[in-house]
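In what follows, a single structure is set out as structure tokens and then discussed.
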Amino acid sequence: MNYWLIKSEPFVYSFSDLEKEGVTMWEGVRNYQARNNLRAMKKGDLTLFYHSREGLEVVGIARVVKEHYPDPTAEKGDWSVVEFAPVRRLSHPVTLKTIKSDPSLQEILLVRNGRISVMPLDQDAYERILTHSENPS
DNA sequence: GCCAACGTTGGC
DNA sequence: GCCAACGTTGGC
């Protein structure tokens with residue numbers, strides 16, 4: 001079991017949209033590092049769903065339901081998609097501010113490289129973020 | 001809306 | 001293969 005964090009701009013595609021749709025093809029990733037992370041995802045892996053640009057918080061958990069295959073929306077190049085389904089919404093969102101103020105989360109890529117949209121999380125960081133959602137400050 | 005940080009492109 | 005220029009992302 002691997003853990004991940006994916007970003008989406010909520011005005012483009014929000015966690016609510018995923019809940020409505022039930023399953024989504026995660027299309028449009030055009031960054032090699034992010035693409036390689038998509039390709040490393042296994043069915044059943046869990047990913048935190050983060051709202052970028054607006055909200056700036058982790059709002060829910062999604063699960064990989066289909067492993068990577070070529071991105072049908074890519075006109076050229078070697079790109080991949082996976083499919084996600086919602087698991088649950090967090091009882092309380094965990095803000096970027098909260099994450100940045102937690103000394104044990106300073107090493108995660110969300111903090112260290114703000115520009116990557118699909119990133120791995122180790123289990124400790126994943127659970128730590130969920131702990132924040134259960135015990136909002 | 002601005003702009004820093006980062007990734008990518010392309011001239012040499 | 002270096003690196004300047006450019007485009008994009010995303011926090012503020």
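When reading the values below, keep in mind they use all heavy atoms of this one structure, side chains included, and skip hydrogens, waters and symmetry mates. Each chain gets a letter, A, B and so on, in the order its sequence line appears, and its residues count up from 1. Keep in mind that what you see is a predicted model, and the values were worked out from it rather than measured.
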Rounding to an integer number of Å, can you tell me how far A:Phe11 CZ sits from C:dG11 P? 10 Å
Holding to salt bridge (charged side-chain N to carboxylate O under 4.0 Å, His left out), I want the full list of residues that pass it with A:Asp71, two or more places apart in sequence or in another chain. A:Arg30
Does the pair A:Arg128/A:Asp122 count as a salt bridge with the N-to-O cut at 4.0 Å? no
Measure CG/A:Leu110 against C1'/C:dC12 and give the value in whole Å, please. 15 Å
I need the CD1-C1' distance between A:Ile116 and B:dT8, as an integer number of Å. 15 Å
Both A:Arg53 and A:Gln33 contact DNA chain B. Which one's nearest nucleotide lies toward the 5' end? A:Arg53
Considering just the side-chain nitrogens and oxygens of A:Tyr32, establish if one lies under 4.0 Å of OP1 or OP2 belonging to B:dC6. no
Could you give the CG-to-P distance, from A:Asn37 to B:dG7, as a whole number of Å? 12 Å
Does C:dT8 have its OP1 or OP2 closer than 4.0 Å to a side-chain nitrogen or oxygen of A:Lys7? no
Starting at OH of A:Tyr13 and ending at P of C:dG10, how long is that distance when rounded to a whole Å? 17 Å
A:Arg115 CZ to C:dG7 P, in whole Å, measures 14 Å
Round to the nearest Å and state the distance from A:His51 atom NE2 to C:dG10 atom P. 13 Å
May I ask you to decide if the ring planes of A:Phe49 and A:Tyr13 are parallel, tilted or perpendicular, using 30° and 60° as cut-offs? tilted
State, without any angle test, whether A:Thr98 and A:Thr95 hold a side-chain donor-acceptor pair at a distance under 3.5 Å. yes
Let me know the distance between CD1 of A:Ile99 and P of C:dC12, rounded to the nearest Å. 12 Å
Which part of the nucleic acid, if any, lies within contact of A:Lys97, taking any heavy atom under 4.0 Å across all strands shown: a base, the sugar-phosphate backbone alone, or nothing? nothing
Closest listed nucleotide, where the reference is the side chain of A:Asn113 and the choices are B:dG7, C:dC12, C:dG10: B:dG7
